[in-house]
Amino acid sequence: MKITDAKVFVGGPGKNYVTLKIMTDQGVYGLGDATLNNRETLPAAYLTDYLIPSLIGMDPRRSEDIWQFFYRGAYFRRGPIAMAAIGAIDMALWDIKAKLAGMPLYQLLGGKSRDSALVYAHAAGADLEDLIASIEGYVAQGYKAVRVQCGVPGMPTASYATPDIKGGTAPFITDFSGIRPKTEIWDTEKYLRFMPAALAEIRARFGPELKILHDVHHRLLPREAAAFAREVEPLGLFWLEDPTPAEDQDALKLIRQHSTTPIAIGEVFNAIWDCNKLIENELIDFIRVAVTYAGGITHVRRIVDLAGQHHVRTGFHGAPSHSPISMAAQAHLNIWAPNFGIQEYLVLGTPACDALFPSDHHVTNGLQYISDAPGLGVDFNETEAARYQYQPGSHPVVRLEDGTLWNY
Ligand code: KDG
Ligand code: MG
């Protein structure tokens with residue numbers, strides 16, 4: 001069996017999804033997602049210019065050897081661009097393998113460990129009242145877990161993932177007004193004075209059952225993060241995410257020494273070597289890698305297995321920049337993983353998105369149910385795809401009030 005061709009598409013409804021389609025001489029094809037938010041043309045070029053020429057002619061069933069070929073075969077390894085490209089190939093090969101077996105992919109991983117997988121939604125508000133209204137909306141839809149992000153009083157701009165105005169939407173994934181980033185202003189002191197009390201009010205309002213998550217988005221210093229985690233400990237958060245910049249694996253030690261608030265980290269990690277110390281030293285509770293920029297199912301499965309030996313559960317990244325293809329790959333891992341924790345999930349299901357990526361996977365009452373279609377269980381409509389093209393966009397950059405550049 002041979003790979004005969006592979007094509008890359010960039011575009012989608014309000015997103016620049018990078019979709020890979022691998023064709024074989026047996027008519028079976030596989031799909032992968034290489035979307036790297038706001039850098040989408042780069043994994044697309046890495047695939048087209050460097051990987052696909054070698055991929056054609058390979059046996060698609062040899063997914064392990066193909067992974068090793070592209071990972072070890074490149075002298076300059078890792079990084080989000082290369083790992084997203086390798087990840088897309090890997091997803092597509094597992095899609096082919098499971099279609100050949102006539103099974104949903106999760107059966108090849110070891111079958112179901114649960115009937116459905118818990119997901120969390122994103123609630124956001126320009127202020128606390130606005131945020132509470134947003135949480136109420138998700139609770140009314142049956143969500144059991146909600147990430148809560150709030151504008152901070154006195155901050156000159158919106159904060160991470162919060163709207164500028166009450167009832168507005170937060171353009172934290174991509175601002176399509178141009179490639180030059182807008183500036184968001186950050187003030188740690190204002191945030192630390194406001195956020196613990198806001199979280200306390202949310203807990204009091206929604207009671208003990210709601211799973212509350214909060215994303216610090218890498219903005220605190222280790223000492224500040226330790227103090228924050230300790231202060232919110234009585235609130236029983238489901239997790240505190242990315243309290244400090246992710247490059248420093250040792251920073252988490254200080255947080256651990258001062259608090260038992262569960263810590264989630266890893267959405268910007270690309271390989272097991274970015275998180276092995278964190279996991280082995282049991283400094284985190286949830287690992288946030290994604291099948292896209294962490295090298296696909298083959299590599300993420302290794303991270304999940306390592307995590308499982310150290311009481312670390314999964315909480316895969318699922319920001320809206322992920323296409324339904326990688327969300328499906330993660331859904332198969334979620335239904336299988338013995339150490340599954342939660343899945344970040346944002347409503348992808350607009351009619352335009354469903355038309356581009358037809359699938360029977362669905363979320364009901366805050367739980368993700370997986371379709372039993374062979375393979376990943378998602379298709380790709382090329383006629384629909386022809387309607388879209390790449391749109392340049394950006395994330396904001398973050399500066400302190402005196403102009404110092406900070407972490408987005
Ligand atoms: O592109 C950046 C987003 O993926 C990131 O801001 C999302 O932090 C994020 C999250 O938890 O979904
Ligand atoms: Mg995050």
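First listed ligand is number 1; within each ligand, the first listed atom is number 1. The first residue in the sequence is number 1, and the count goes up from there.
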- Item | Given Thr24, Asp95, Leu100, the one that forms side-chain contact (heavy atoms from CB on, under 4.5 Å) with Pro60 | Thr24
- Task: Could you list which atoms of ligand 1 come closer than 4.0 Å to a heavy atom of Ala319?
- Result: 4 (O), 7 (C), 12 (O)
- Near Asp215, which atoms of ligand 1 are under 4.0 Å from a heavy atom of that residue? 8 (O), 9 (C), 10 (C), 11 (O)
- Is the centre of the Tyr120 ring less than 6.0 Å from the centre of the Tyr138 ring? no
- Message: With a 6.0 Å cut-off on the ring centroids, do His217 and Tyr408 count as close?
- Response: yes
- Message: Out of all atoms in ligand 1, which are within 4.0 Å of some heavy atom of His317? Include the element for each.
- Response: 4 (O), 7 (C), 9 (C), 10 (C), 12 (O)
- Using ring pair (Phe, Tyr, Trp, His ring centres under 6.0 Å) as the criterion, point out the one residue from Tyr293, Phe70, Trp273, Phe269 that pairs with His299. Trp273
- Message: What I want to find out is whether Arg387 reaches Glu382 closely enough, with some N-O distance under 4.0 Å, to be called a salt bridge.
- Response: no
- Message: Using a 3.5 Å cut-off on N or O atoms only, is Ser321 in polar contact with ligand 1?
- Response: no
- Message: For the aromatic rings, using the six-membered ring if either is Trp, is the centroid distance between Tyr29 and Phe380 under 6.0 Å?
- Response: no
- Shortest reach to atom 10 (C) of ligand 1 by a heavy atom, considering only Glu344, Gln149, His322: Glu344
- Query: Using the benzene-type ring in the case of Trp, are the ring centres of His322 and Tyr345 under 6.0 Å apart?
  - Reply: no
- Under 2.8 Å: N/O/S of Glu344 next to the Mg ion (ligand 2): no
- Item | Tyr160: numbered ligand 1 atoms lying under 4.0 Å from its heavy atoms | 5 (C), 6 (O), 7 (C), 8 (O), 9 (C), 10 (C)
- Message: If the cut-off is 4.0 Å to any non-hydrogen atom of His395, which atoms of ligand 1 fall inside it?
- Response: 1 (O), 2 (C)
- Task: Give the numbers and elements of all ligand 1 atoms closer than 4.0 Å to a heavy atom of His217.
- Result: 5 (C), 6 (O), 8 (O), 9 (C)
- Query: Does the gap between the ring centers of Phe286 and Trp239 come in under 6.0 Å?
  - Reply: yes
- Please work out the angle at the Mg ion (ligand 2) defined by atom OE1 of Glu267 on one side and atom OD2 of Asp215 on the other, rounded to 10°. 180°
- Query: Is Glu241 close enough to the Mg ion (ligand 2) to have an N, O or S atom under 2.8 Å?
  - Reply: yes
